[in-house]
Asker: 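Supplied in structure tokens, the structure appears directly below.
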Amino acid sequence: MFQLAKVPAYLLLSALLTTSLSAVASNATSLPDIGTTAASTLTIDKEIKYGDMYMRMMHASSPIINDPVLSEYIQDLGHKLVANADGVKTPFNFFLIQNYEINAFALFGGNIGVHSGLFLHAKTESELASVIAHEIAHVTQRHLARTLEDRAKKKSATMAAMIGSLLLVVAAPEAGIAALHTTTAVSIQGMLNHTRSNEKEADRIGIATLARAGFNPQAMPHFFGRLAEKYRYTSKLPPMLLSHPLPESRIADSRMRADNYPSVRLPPSERYLLAKSRIVARNLGFSQTSALNWFNTELKKAAPNQRNELNYGKSLVYLDNGQYAKAQQLLLPLIASEPNNLFYIDAITDLNLYQKHYDKAITRLEKALQYQPESSVLQLNLANILLEAKQYKQSLSILNRYSYQHPNDINGWALLAQNYAKQNQRAGELAAMGELAALRAQWKLAISNYTQAAQKAKLGSLDQARYDARLDQLRIQQSQFEALRSSF
């Protein structure tokens with residue numbers, strides 16, 4: 001798959017963000033009716049708006065992994081769990097952050113982030129799902145809203161100050177942490193007690209969700225126990241253990257609760273193993289040598305039915321380093337064995353692209369789309385191949401439809417901007433770049449780009465009318481965004 005330009009600096013320190021969010025979100029007292037009590041402080045609609053605000057700021061400052069293959073995987077896994085969760089009141093969005101540290105966190109409005117490093121430590125898909133199910137429970141139980149309610153009772157205006165501090169954490173982590181500490185008027189011991197209470201609650205509800213979704217409920221205590229043992233004697237804990245402490249009592253409690261459900265023995269998940277291999281190859285910051293060493297080590301001890309997934313990872317390393325013959329040698333048997341596997345289709349068509357065998361890639365993708373017409377992976381790959389093959393109109397048709405259906409996907413707008421640029425259609429390029437700016441909360445840039453696009457469009461044309469209408473919408477969005485920020 002095509003690669004977007006990487007963010008040059010990791011402005012968002014995810015460890016600090018998660019520590020802050022969890023320290024706030026998990027300090028709430030137990031409330032008899034979380035739906036109504038929390039709602040008196042922060043409505044569901046307001047939470048969703050805050051969530052949208054946070055995500056736009058994160059897109060501008062953090063290394064979110066905009067890989068359609070991995071995004072489709074993590075969204076599918078997350079929504080399988082959401083479909084089996086109780087008390088779902090918000091939409092959910094799952095995203096990956098490129099970071100070697102073990103971590104996951106929940107933001108307002110059902111936005112759940114997962115560090116790529118988590119894949120390196122979760123041995124099974126059930127273990128990864130257990131972490132995500134735990135974060136889903138934080139959202140459905142509205143722990144953050146409950147905490148704000150509790151703080152508002154303790155001190156006037158504390159809620160607004162704390163929400164503002166969380167915004168600062170997204171934009172400037174160090175300032176946000178300092179502000180957060182000044183607004184949290186509780187003892188350290190009290191915070192820890194509430195943290196343990198809410199963490200156990202999220203464990204209990206998460207395990208139930210895990211079981212209903214068909215995963216192994218024992219995966220949560222297994223994963224927690226292994227992490228606790230690994231870092232028992234270390235002075236530097238990973239962010240996940242700083243924000244989600246693992247005392248022996250919590251592990252024992254999760255084990256006891258998991259014992260209430262039938263034990264499930266699942267075969268290794270091919271999609272999980274493929275996603276893990278893709279992350280190791282591309283999203284952990286490994287050098288080519290380090291990545292190949294990892295795959296070769298794993299291949300020596302892997303069961304025969306798990307070697308394909310590891311060879312897939314090796315092929316990506318070769319592909320990304322221009323060693324196309326070696327990549328092809330590994331990929332051809334894989335695609336022959338599973339011609340409809342999206343991971344393999346993505347890799348083999350990338351190889352076709354680099355070798356300029358555009359027709360082969362286009363034929364394969366068009367055939368695959370007959371069976372999976374809604375796949376983002378296939379649509380974006382086909383649009384990209386057509387773009388590289390200079391079949392601009394066909395690519396543009398796909399991208400216009402895709403961006404309309406997926407307005408929050410950076411990939412579609414980035415490709416659309418490239419398409420218009422290659423055709424020297426400056427107005428269309430500016431409009432697509434305006435959408436990218438809006439997704440990063442860069443409102444002035446977005447409005448400026450659309451203003452220029454409208455000026456360049458033919459007077460009285462449909463395009464000019466469309467750009468003018470979008471300008472009105474962007475100004476309203478900017479006004480709403482600034483109103484939320486100024487309320488703190």
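This is a predicted model, so every value here is computed, not measured.
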Asker: Can you see which heavy atom on Leu118 is nearest to which on Ala104, and at what distance?
Answerer: CD2-CB, 4.5 Å
Asker: Mind listing the closest non-hydrogen atom pair of Ser395 and Ala383 along with its distance?
Answerer: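 Minimum heavy-atom contact is OG-O, 2.8 Å.
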Asker: So, using side-chain hydrogen bond (donor to acceptor under 3.5 Å, both in side chains) as the criterion, who are the partners of Arg271 when residues are at least two apart?
Answerer: Asp76
Asker: Show me the side-chain donor-acceptor pairs of residues 285-293 shorter than 3.5 Å, one per line, residues at least two apart or across chains.
Answerer:
unit_1, atom_1, unit_2, atom_2, d
Ser287, OG, Ser290, N, 3.1
Ser287, OG, Ser290, OG, 3.1
Gln288, NE2, Gln323, OE1, 2.3
Asn293, ND2, Thr289, O, 3.3

Asker: Without hydrogens or angle criteria, can the side chains of Tyr312 and Arg278 be said to hold a donor-acceptor pair below 3.5 Å?
Answerer: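 There is such a pair (donor and acceptor under 3.5 Å, judged by atom type) between the side chains of Tyr312 and Arg278.
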Asker: Looking at every non-hydrogen atom in both residues, tell me the closest pair between Glu309 and Ser277 and how far apart they are.
Answerer: O-OG, 2.9 Å
Asker: Do the ring planes of His115 and Phe105 sit parallel (below 30°), tilted (30 to 60°) or perpendicular (above 60°)?
Answerer: perpendicular
Asker: Within a radius of less than 6.0 Å around OH of Tyr100, do more than 12 heavy atoms belonging to other residues, nucleotides or ligands occur?
Answerer: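 Atom OH in Tyr100 is not crowded, with 12 or fewer foreign heavy atoms closer than 6.0 Å.
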Asker: Determine whether a donor-acceptor pair (N or O, by modelled atom type, separation under 3.5 Å) exists between the side chain of Ser116 and the backbone of Asn283.
Answerer: yes
Asker: Assess whether side-chain contact (heavy atoms from CB on, under 4.5 Å) is satisfied between Leu439 and Asn408, documenting all intermediate values.
Answerer: CA-CA 7 Å; Leu439 288 173; Asn408 294 326; 3.5 Å; yes
Asker: For Tyr318 together with Tyr324, are the ring centres under 6.0 Å from each other?
Answerer: no
Asker: Of all the heavy-atom pairs spanning Leu378 and Ser375, show the shortest one and how long it is.
Answerer: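 The pair with the smallest heavy-atom distance is N-OG, 3.2 Å.
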Asker: Taking the six-membered ring for Trp, are the ring centroids of His79 and Phe94 within less than 6.0 Å of each other?
Answerer: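 Yes, ring centres under 6.0 Å apart.
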Asker: Check whether Ser461 reaches the backbone of Lys458 with its side chain - one donor and one acceptor, N or O, closer than 3.5 Å.
Answerer: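 The answer is yes, because a donor-acceptor pair under 3.5 Å joins these two groups.
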Asker: Is any side-chain heavy atom of Phe95 closer than 4.5 Å to one of Ile97?
Answerer: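 Yes, side chains in contact.
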Asker: Answer yes if the side chains of Asn93 and Gln75 hold a donor-acceptor pair under 3.5 Å, and no otherwise.
Answerer: yes
Asker: Take atom CD in Gln372; do more than 12 heavy atoms of anything else shown fall under 6.0 Å from it?
Answerer: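 Count over threshold, so yes.
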Asker: Is there a side-chain contact between Glu338 and Glu270 in this structure, where contact means two heavy atoms from C-beta onward sitting under 4.5 Å apart?
Answerer: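 Yes, their side chains come closer than 4.5 Å.
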Asker: Less than 4.5 Å apart, side chain to side chain, heavy atoms only: is that true for Leu380 and Asp409?
Answerer: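 Of all side-chain heavy-atom pairs linking Asp409 with Leu380, at least one is under 4.5 Å.
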Asker: Heavy atoms, side chains only, cut-off 4.5 Å: are Asn449 and Glu429 in contact?
Answerer: no
Asker: Before giving the answer on side-chain contact (heavy atoms from CB on, under 4.5 Å), spell out for Leu81 and Glu135 the whole-Å C-alpha distance, their side-chain angles and the decisive distance to 0.1 Å.
Answerer: CA-CA 11 Å; Leu81 291 164; Glu135 298 302 331; over 6 Å; no
Asker: Does Asp346 use its side chain to pair, donor to acceptor, with the backbone of Leu342 at less than 3.5 Å?
Answerer: no
Asker: Are the side chains of Ile64 and Leu96 in contact, using a 4.5 Å heavy-atom criterion?
Answerer: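 No, side chains not in contact.
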Asker: Are the side chains of Leu299 and Asn311 in touch, meaning some heavy atoms are under 4.5 Å apart?
Answerer: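 In short, these two side chains touch, coming nearer than 4.5 Å.
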Asker: Please give me the minimum heavy-atom distance between Ala437 and Ala446, naming the atom from each residue.
Answerer: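 Closest heavy-atom pair between Ala437 and Ala446: CB-N, 3.7 Å.
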Asker: Do the side chains of Lys80 and Phe215 get nearer than 4.5 Å, heavy atoms only?
Answerer: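 Yes, at least one pair of side-chain atoms sits under 4.5 Å.
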Asker: Give every residue pair that meets the salt bridge (Lys or Arg N to Asp or Glu O under 4.0 Å) criterion with at least one member in residues 445-456, sequence neighbours excluded.
Answerer: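 Every pair satisfying salt bridge (Lys or Arg N to Asp or Glu O under 4.0 Å) with a residue in residues 445-456: there are none.
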Asker: Could you check Gln391 against Ile362 for side-chain contact (heavy atoms from CB on, under 4.5 Å), going step by step and ending with a plain yes or no?
Answerer: CA-CA 11 Å; Gln391 298 182 33; Ile362 291 169; 3.8 Å; yes
Asker: Who are the ring pair (Phe, Tyr, Trp, His ring centres under 6.0 Å) partners of His357, not counting sequence neighbours?
Answerer: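 Not a single residue meets the ring pair (Phe, Tyr, Trp, His ring centres under 6.0 Å) criterion with His357.
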Asker: Can you check whether Val317's main-chain N or O pairs, donor with acceptor, with Asn321's side chain at less than 3.5 Å?
Answerer: yes
Asker: Please list all pairs passing the side chain to side chain donor-acceptor pair (under 3.5 Å) test where one or both residues lie in residues 465-476, with sequence neighbours left out.
Answerer: Glu435-Arg470, Asp463-Arg466, Arg470-Gln473, Arg470-Gln477
Asker: I want to check something: taking the side chain as every heavy atom from C-beta on, are Ile74 and Leu70 in contact at a cut-off of under 4.5 Å?
Answerer: no
Asker: Between Lys422 and Glu388, is there a salt bridge with N-O shorter than 4.0 Å?
Answerer: yes
Asker: Please find the pair of heavy atoms, one from Ile345 and one from Ala368, that lie closest to each other, and give the distance.
Answerer: CD1-CB, 3.9 Å
Asker: Mind jotting down which residue pairs meet the ring pair (Phe, Tyr, Trp, His ring centres under 6.0 Å) criterion with at least one end in residues 385-406? Sequence neighbours excluded, please.
Answerer: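 For residues 385-406: Tyr402-His406.
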